[in-house]
Amino acid sequence: MNTVNWTLWLALALTYCILTYNPLYQLALLATLSTVAASKHKPLRAYIKIGLLMSAIPLFVNVFLVHYGETTLYKIPLSIHVAGLRIPTLFFAGPITGESVLMGIIMAVFLMNTVIAFQVFSSGATQDTILAIMPKSIPSITLLASISLRFMPAILRDYSSIRDAQMSRGIRLGSGPTMERMRNQAKMITPTIVTSLERAFNLAESMAARGYTADRIVYRKDVWTLREYVLAAATVIGFTIALYAKYSGLFAYWPVDSLILPSVSWLAVAPLIVLFIPLCGER
Amino acid sequence: MNAIELNGVSYKYPERKEYVLRNLNFTVEEGQFVLVSGPSGCGKSTLCRLLLGLIPHYCGGSMSGSVRVDGLDTEEHGVAELASHVGLVFQNPEEQIIMSTVEAELAFGLENMRLNREEISRRIAWTAERFGIVGLLERSTAEISGGERQRVVLASILAMKPRILVLDEPTSQLDPVGRSELYKMLKSLNDEGLTIVLVEHNVREAAPYVDFRFDLKMMRRESVEFETRGVRIQRKTQRGDVVLDVENLVGGYPKRRVLDGVSLRLRASECLALLGANGSGKTTLVKHFNGLLKPESGSIKVCGLDVRSTPVEVLARCVSYLPQNPQDMLFCDTAEDELRLTLKHLGIVGDVEKTLDRFGLLEHRNSYPRDLSVGERQRLALAAVMVSKPRLLLLDEPTRGMDERARATLQEDVTRMLGEGVAVVLVTQDGDLARDVATEKVTLREGRFES
């Protein structure tokens with residue numbers, strides 16, 4: 001599959017993800033993307049970790065801070081008593097509702113879908129080919145995209161090295177009380193980001209040193225065979241169906257006020273079939 | 001005709017008070033091979049950036065004087081135009097690889113020059129042949145070795161056929177064989193007419209290949225004749241307690257075994273120099289000594305503690321490790337705080353001021369560590385490790401990017417620590433350092449010690 005088709009594929013996956021809060025569609029999308037990701041034999045562990053970490057935030061916020069909905073599961077009091085002390089629960093005080101739990105889960109799956117979609121995309125489209133299809137009229141966007149594509153893998157590598165170096169100085173990251181480990185882990189964030197930014201700056205300087213310009217020749221161009229045109233057409237059809245489903249209300253689901261059962265329309269599921277395209281053989 | 005002409009150049013980086021270069025005059029004739037040396041922080045990398053016009057176009061800052069390269073004034077011509085006249089190889093090849101395959105990497109500069117595809121194809125074929133990387137063309141740049149990466153970076157720049165080549169410490173990550181190969185390659189390119197400016201700490205090894213040396217600190221030409229470096233410091237060898245005991249170690253990473261049956265014993269006051277080519281497993285081995293990696297089989301005891309069952313943080317009280325990249329150590333707001341952090345986490349008391357002074361960093365005690373030069377950062381990371389006075393010190397390529405003075409300081413420090421009963425494992429490509437401080441030298445090849 002060429003890079004334009006990979007980009008269309010990613011756009012369809014993300015659009016589908018954004019268009020609906022229906023948990024059944026989100027789960028069906030998760031199953032689809034996971035199947036495609038598994039077929040690419042890419043090491044998914046690190047990305048799943050990131051996805052789970054990211055997902056934990058909306059889950060936590062929705063469950064403990066959003067007290068909206070009519071199905072109360074548990075009520076957090078205004079204060080709790082620990083060892084004779086009265087501790088106010090502040091923003092946490094209020095009901096934990098079935099609606100907020102459900103929205104938290106939907107948002108968590110939404111984020112997992114986003115992470116996996118990008119992981120699958122990166123297995124097919126390389127940074128070189130993406131750079132080649134970037135618009136030449138906006139050089140800063142092209143440069144930014146090029147550096148961003150290298151940013152995540154570089155952050156993971158840098159984090160690992162910094163973690164090793166700091167553990168060697170006696171900083172507890174792998175053992176000791178959980179709170180201390182979490183505090184120490186948090187301290188790793190700034191040097192990791194600073195190191196990665198420095199790396200990004202050095203890379204940009206290297207590109208400048210080799211005369212980088214957005215208005216450049218592309219040595220290896222994307223190949224457009226009949227198969228590529230068919231795949232592109234299929235993805236566009238997938239888009240059309242997804243948009244039709246959205247505007248005809250097939251994706252509608254809003255469980256904020258009360259818990260309602262999600263419905264399923266086969267037409268709304270159809271775009272997911274197109275997302276299996278990467279399984280149709282390598283280019 | 002002069003290929004390079006700097007007249008009265010002064011420069012300071014944005015938001016800095018001090019000028020890095022003051023009134024610099026520097027001339028190189030066409031076809032000359034020049035070695036630029038000087039202590040860390042004297043402005044060597046800044047000079048490289050000036051020659052390509054990255055200063056002032058890319059870095060900003062305040063500049064006076066004029067820089068002409070290949071007849072072009074760098075203030076009047078943009079970096080993209082200058083890049084086809086001057087090729088610049090930076091220190092770290094890792095950070096210069098832009099594309100994901102070797103072929104795409106070679107093509108990158110040529111695409112920017114807007115050459116037609118036939119010409120790009122011809123130049124890729126020529127460069128790949130010239131640098132012996134034909135077999136690598138289809139390979140991913142992430143998978144090739146450090147030495148190969150250095151060659152690819154150099155090839156990708158020379159594919160643009162610049163008339164001047166500037167290299168900023170290109171050998172800092174190469175083993176002795178790689179360094180020698182690179183110097184010979186540069187000499188052969190110079191014989192073909194390429195003007196070369198080589199910034200290098202390792203002046204003794206580079207000297208035989210160059211026409212003259214320019215000392216950037218003194219701002220003058222120097223002789224290329226050098227005395228034998230360093231005087232071996234005489235030390236009384238005393239046999240102390242066993243600090244490190246490794247028995248038949250097999251280990252590496254979850255999906256890749258690197259070490260295959262390594263055994264060694266190191267006593268207090270002994271220094272083991274660990275030599276070997278890039279990728280031979282030296283760093284992997286020392287990471288087993290402080291518990292960052294756990295053995296697959298075999299045993300390692302450090303200060304009597306079993307590495308397999310002791311957390312890294314506990315081992316850190318008796319073994320200190322200086323990683324290859326000093327940046328990874330530094331994350332405090334000041335140099336002084338870096339040393340205090342080590343002491344705090346290890347729960348010990350140490351003399352921060354004295355240690356900073358010993359490493360020539362006292363004047364930088366309140367500086368932000370990442371604002372220091374490469375050599376100064378290396379020294380700070382070393383100071384942050386040494387302040388804890390460990391019983392076993394693991395140094396992974398400690399002289400990388402260091403100037404002669406800092407290297408001599410390191411040598412004195414290691415020698416002093418050995419005298420105080422510390423055992424040292426020294427991973428190095430620096431044969432002279434190994435000769436001067438080590439009590440024993442071993443070479444690692446394919447996960448085993450060479451007999």
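Lettering of chains follows the sequences in order, A, B, ..., and the numbering in each one begins at 1.
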Which of the residues [options] is involved in the greatest number of heavy-atom pairs with chain A at under 4.5 angstrom?
{"options": "S156(B), G291(B), S320(B)", "value": "S156(B)"}
{"options": "E81(B), M160(B), K287(B), E103(B)", "value": "E103(B)"}
{"options": "Q96(B), R370(B), M113(B)", "value": "R370(B)"}

Determine whether more than 12 heavy atoms belonging to other residues, nucleotides or ligands lie under 6.0 Å from atom [atom1] of [X].
{"X": "K221(A)", "atom1": "NZ", "answer": "no"}
{"X": "K161(B)", "atom1": "NZ", "answer": "yes"}
{"X": "R163(B)", "atom1": "CZ", "answer": "no"}

Would you compute the distance between atom [atom1] of [X] and atom [atom2] of [Y] and round it to the nearest 0.5 angstrom?
{"X": "M207(A)", "Y": "I98(B)", "atom1": "CE", "atom2": "CD1", "value": "5.5 Å"}
{"X": "N325(B)", "Y": "D164(A)", "atom1": "CG", "atom2": "CG", "value": "12.0 Å"}
{"X": "E313(B)", "Y": "R172(A)", "atom1": "CD", "atom2": "CZ", "value": "6.5 Å"}
{"X": "F331(B)", "Y": "I189(A)", "atom1": "CZ", "atom2": "CD1", "value": "11.5 Å"}
{"X": "Q166(A)", "Y": "M329(B)", "atom1": "CD", "atom2": "CE", "value": "6.0 Å"}
{"X": "S161(A)", "Y": "L292(B)", "atom1": "OG", "atom2": "CG", "value": "10.5 Å"}

Proximity breakdown for [X] and chain A, heavy-atom pairs closer than 4.5 Å:
{"X": "S121(B)", "result": "both"}
{"X": "E338(B)", "result": "both"}
{"X": "Q324(B)", "result": "neither"}
{"X": "T101(B)", "result": "both"}
{"X": "V314(B)", "result": "neither"}
{"X": "I124(B)", "result": "side chain"}
{"X": "L115(B)", "result": "backbone"}

Report task. Quick one: list whatever passes ring pair (Phe, Tyr, Trp, His ring centres under 6.0 Å) with F201(A), sequence neighbours left out. Result -> Y58(B)

[X] to [Y] - nearest heavy-atom pair and separation:
{"X": "N112(B)", "Y": "Y212(A)", "result": "ND2-CA, 3.4 Å"}
{"X": "R169(A)", "Y": "L339(B)", "result": "NH2-N, 4.5 Å"}
{"X": "A208(A)", "Y": "L54(B)", "result": "CB-CD2, 3.9 Å"}
{"X": "A165(A)", "Y": "P323(B)", "result": "CB-CG, 3.9 Å"}
{"X": "A316(B)", "Y": "S168(A)", "result": "CB-O, 3.4 Å"}

[Y] side chain reached by [X] side chain, heavy atoms, under 4.5 Å:
{"X": "H345(B)", "Y": "N184(A)", "value": "yes"}
{"X": "I217(A)", "Y": "I120(B)", "value": "yes"}
{"X": "Y219(A)", "Y": "F108(B)", "value": "no"}

Report task. In plain terms, say whether R49(B) and E205(A) are close enough for a salt bridge, that is, a side-chain N and a carboxylate O under 4.0 Å apart. Result -> yes

**Report entry** Contacts of type salt bridge (charged side-chain N to carboxylate O under 4.0 Å, His left out), residue R308(B), not counting sequence neighbours
**Finding:** none

Query - R210(A) side chain vs A80(B) backbone, donor-acceptor pair below 3.5 Å - result: no

Report task. Please check if the side chain of R117(B) supplies one atom and the backbone of V218(A) the other of a donor-acceptor pair under 3.5 Å. Result -> yes

Report task. Could you look at T190(A) and say if it's the side chain, the backbone, both or neither that has a heavy atom under 4.5 Å from chain B? Result -> neither

